[in-house]
Amino acid sequence: MPHTSQDLPRPREPLEPMLLSALREGYGGGTLRADAVAGMTVAIVALPLSMAIAIASGVGPERGLFTAIVGGFLVACFGGSRYQIGGPAGAFIVLVAACVAQTGIAGLVLATFLSGVMLAVLGLARLGSYIRFMPYPVTVGFTTGSGVIIFVSQVKDMFGLTLPGGEPGPILPKLEALWAARESVTPVAVAVALATVVLIEAVKRFRPRWPSLLIGIAAVTAVSAVLGLPVETIASRFGALPRMLPTPALPEFSAQAVWAALPWAASFTLLGAIESLLSAMVADGMSGTQHRSNMELVAQGLANMGAALVGGFCVTGTIARTATNVRAGAQTPVAGMLHAVFVLAVMLIAAPLAGYIPLAALAGLLAIVAWNMIERHEFAALTRASKGDALVLWVTFLMVVFRDLAEGIVLGFALGGLVFIRHMSEMTRLHEAPAGPPEALPEITRQPHDVVTYRLHGAVFFGSVARLGTVLDRIAQRPRAVLLDVSDVSFIDSTGARMVQTLGQPLLRRGGELVIVGARPALAQSMRAQGVQAPQVRFAEVAAPGVQAPN
């Protein structure tokens, strides 16, 4: 039988960095200039964001810079996307902060390294294409939930609050503590945060091509320093920033430390794989390219291991910075590598100046990031779309906000699978059809009135077997023989095959027979391989009523 388009084997995704493919195409001065401009543009965005995300995650701002430099370089150098920008991401703030609270900085670094190993293994095992199968309501639910948590986490610095007992991690105790400290509001901090937000949004509106984040932070920092405003700064809380990368060193690998870090590493791996591949798909949609998901996971693994060696934390593909890279005219992964080099250059040259940045300004910046993460329109649309999508969306969102981000993703994914199974089972139908052609009738009778013909539609799998089995059992009690037309069956699993085989047993005991008609070669082969065979079942090599015989 000739191959159809569905029979043709899919080309295997090459496990090769996109950088090599881009360089083979030729790399000249014009391409380098375009990549350099894009890299500089992204670095301007990444610089304040990396420090803000690090501070919100409960670590020093220097670790955000280390992560952006080392992780960002390795993601671009070895990644499977032409435009991916790696670095610290807002979606990780909640997990990283919880990990630091439980295991300390050493535990975070170890969990980051172990996560890198896991991600690399996933990529080498070519599991990247499966991780992309994440239900959209789950993606919207965890992104929106993360945005809510990040926004709440910035309230303390935006209002300059003083919490006597430290800031709790869970959101409800956090809100209670923030409300209890409302009398300690610092008006200057509120003004600084508000000015940062207004300035960033104004630049975005009236000069969209200008680096709004850097302009907002730089302007507010300059005014604050000149006027000597009484606000907490990076230097006053964390001290002076380092002016060079630390010497690479392996984290501690004691059995106790590894055991404590493993659950966090698994959570980092799950979220990192989803976030990085989602970011790569966004870049594909903007540029018309196709990323290599498995190589991307390998690169994310190498980047996390590399970041851990210099004391950094979780690296992943960042959607906003990747989109900026595409819009800035990047041509190859060299742009992502140069973005890391530019961030390194700024740290080497201007690290002391960053110490003047008010924490309230960074909180305002992160408030904007969190607000943009809250996908309001998509959330409302999915809530109205269907009961199944709304259930998956809200369960994921509530679990992320009030319980745990990783648990929310896992539960949302499981619920999405159940909703899909129910939907597919409802699409599987069985109805009576015209009598089959004489040559298809069983040898025990050539009388059509002794035979009943039923046509089966859809996927016959474990989710639909319970409903179909009851109907088929009743059918098997009446006629001497049954013709089962499977010409409209798209798929049958082992549970469905077992149901069909079992259906033929009562017919056989009464001297009757079950005949499968209309089975295409691939379906017939699958059914036989799963145990559908004589004497209970016979395959008729003829077309079903009204169906053209397969070639």
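The structure displayed is predicted, hence computed values, not measured ones.
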Ignoring hydrogens and angles, tell me if any N or O in the side chain of R321 forms a donor-acceptor pair with the backbone of I85 under 3.5 Å.
-> no

In short, S276 meets T316 closest at the heavy-atom pair N-OG1, 3.4 Å

Any donor-acceptor pair under 3.5 Å from R63 side chain to G311 backbone = yes

Donor-acceptor contact below 3.5 Å, side chain S224 vs main chain T221 = no

About how many Å separate OG1 of T383 and CG of L391, when rounded to the nearest 0.5 Å?
-> 11.0 Å

Do T233 and S236 have side-chain heavy atoms sitting under 4.5 Å apart?
-> yes

CD (E16) and CE (M295) are apart, to the nearest 0.5 Å, by 9.0 Å

Verdict with supporting geometry, D35 and T332, side-chain hydrogen bond (donor to acceptor under 3.5 Å, both in side chains) = CA-CA 7 Å; D35 283 341; T332 73; 2.6 Å; yes

Looking at CE of M18 and CD of Q290, how far apart are the two atoms once the value is rounded to the nearest 0.5 Å?
-> 8.0 Å

Kindly indicate whether the side chain of T186, heavy atoms from C-beta on, has any atom under 4.5 Å from the side chain of V231.
-> no

From M305 atom CE to L250 atom CG, the distance as rounded to the nearest 0.5 Å = 11.0 Å

Which distance, rounded to the nearest 0.5 Å, do you find between the CD1 of I55 and the CG of D157?
-> 8.0 Å

Using the side-chain hydrogen bond (donor to acceptor under 3.5 Å, both in side chains) rule, take S279 and Q84 through it: C-alpha gap first, then chi angles, then the decisive distance, then the call.
-> CA-CA 7 Å; S279 176; Q84 183 83 285; 2.6 Å; yes

Donor-acceptor contact below 3.5 Å, side chain N294 vs main chain L15 = no

Derivation and outcome, side chain to side chain contact (heavy atoms under 4.5 Å, CB included), residues L19 and M337 | CA-CA 10 Å; L19 176 63; M337 298 163 64; 3.9 Å; yes

Give a yes or no on this: more than 12 heavy atoms of other residues, nucleotides or ligands lie within 6.0 Å of atom CZ of F113.
-> yes

Has F342 got more than 12 heavy atoms of other residues, nucleotides or ligands less than 6.0 Å from its CZ?
-> yes

Would you call I421 and F461 a side-chain contact if the rule is heavy atoms closer than 4.5 Å?
-> yes

What one should report as the nearest heavy-atom pair of T322 and A283 is CG2-CB, 3.7 Å

Residue pair S153 / F151, side-chain heavy-atom distance below 4.5 Å | no

Under the 3.5 angstrom rule, does the side chain of D389 hit a backbone N or O of A385 as a donor-acceptor pair?
-> no

For P333 against A76, the heavy-atom pair lying closest together = CB-O, 3.2 Å

Taking atom CZ of R403 as the centre, does the number of heavy atoms from other residues, nucleotides or ligands within less than 6.0 Å exceed 12?
-> no

Exactly one candidate in L163, V152, V155 meets side chain to side chain contact (heavy atoms under 4.5 Å, CB included) with K174; the answer is V152

D493 side-chain N/O to F462 backbone N/O, donor-acceptor pair under 3.5 Å | yes

Mind checking whether V392 and F413 have side chains closer than 4.5 Å, heavy atoms only?
-> no

Does the pair R376 and T144 meet the rule for a side-chain hydrogen bond (donor to acceptor under 3.5 Å, both in side chains), with working shown?
-> CA-CA 8 Å; R376 301 170 296 281; T144 302; over 6 Å; no

Relative to each other, are the rings of F397 and W394 parallel, tilted or perpendicular (30° and 60° limits)?
-> perpendicular

Has the side chain of H423 got a donor or acceptor atom that lies under 3.5 Å from a matching backbone atom of F420?
-> no

F253 and L110, any side-chain heavy atoms less than 4.5 Å apart = yes

Are the side chain of R182 and the backbone of W179 linked by a donor-acceptor contact shorter than 3.5 Å?
-> yes

Which atom pair, heavy atoms only, marks the closest approach of G87 to T67?
-> C-CG2, 4.3 Å

Let me see the working for I149 and I93 under side chain to side chain contact (heavy atoms under 4.5 Å, CB included), right down to the final yes or no.
-> CA-CA 9 Å; I149 294 175; I93 289 176; over 6 Å; no

Does some side-chain heavy atom of V100 sit less than 4.5 Å from a side-chain heavy atom of V59?
-> yes

Begin from the C-alpha positions of E252 and S254 and carry the test side-chain hydrogen bond (donor to acceptor under 3.5 Å, both in side chains) through to its verdict.
-> CA-CA 6 Å; E252 178 192 353; S254 67; 3.0 Å; yes

Expected output: side-chain N325 to main-chain Y83 donor-acceptor under 3.5 Å | yes

From CD1 (I69) to CG (L47), nearest 0.5 Å | 9.0 Å

Considering non-hydrogen atoms only, spot the tightest contact between A43 and V343 and give its length.
-> CB-CG2, 3.9 Å

Please assess M118 against L262 for the test side chain to side chain contact (heavy atoms under 4.5 Å, CB included), listing each intermediate value before the final yes or no.
-> CA-CA 10 Å; M118 294 177 186; L262 272 176; 3.7 Å; yes

Pairwise side-chain contact, F66 with M347, heavy-atom cut-off 4.5 Å (strictly under) | yes

Donor-acceptor contact below 3.5 Å, side chain S184 vs main chain A181 = yes

Determine, step by step, whether I200 and K204 satisfy the side chain to side chain contact (heavy atoms under 4.5 Å, CB included) criterion, reporting the C-alpha distance in whole Å, the side-chain angles of both residues, the deciding distance to 0.1 Å, and the verdict.
-> CA-CA 6 Å; I200 289 174; K204 281 184 180 179; 4.0 Å; yes

Looking only at heavy atoms, which two atoms of V138 and T396 are closest? And how far apart?
-> O-CG2, 3.7 Å

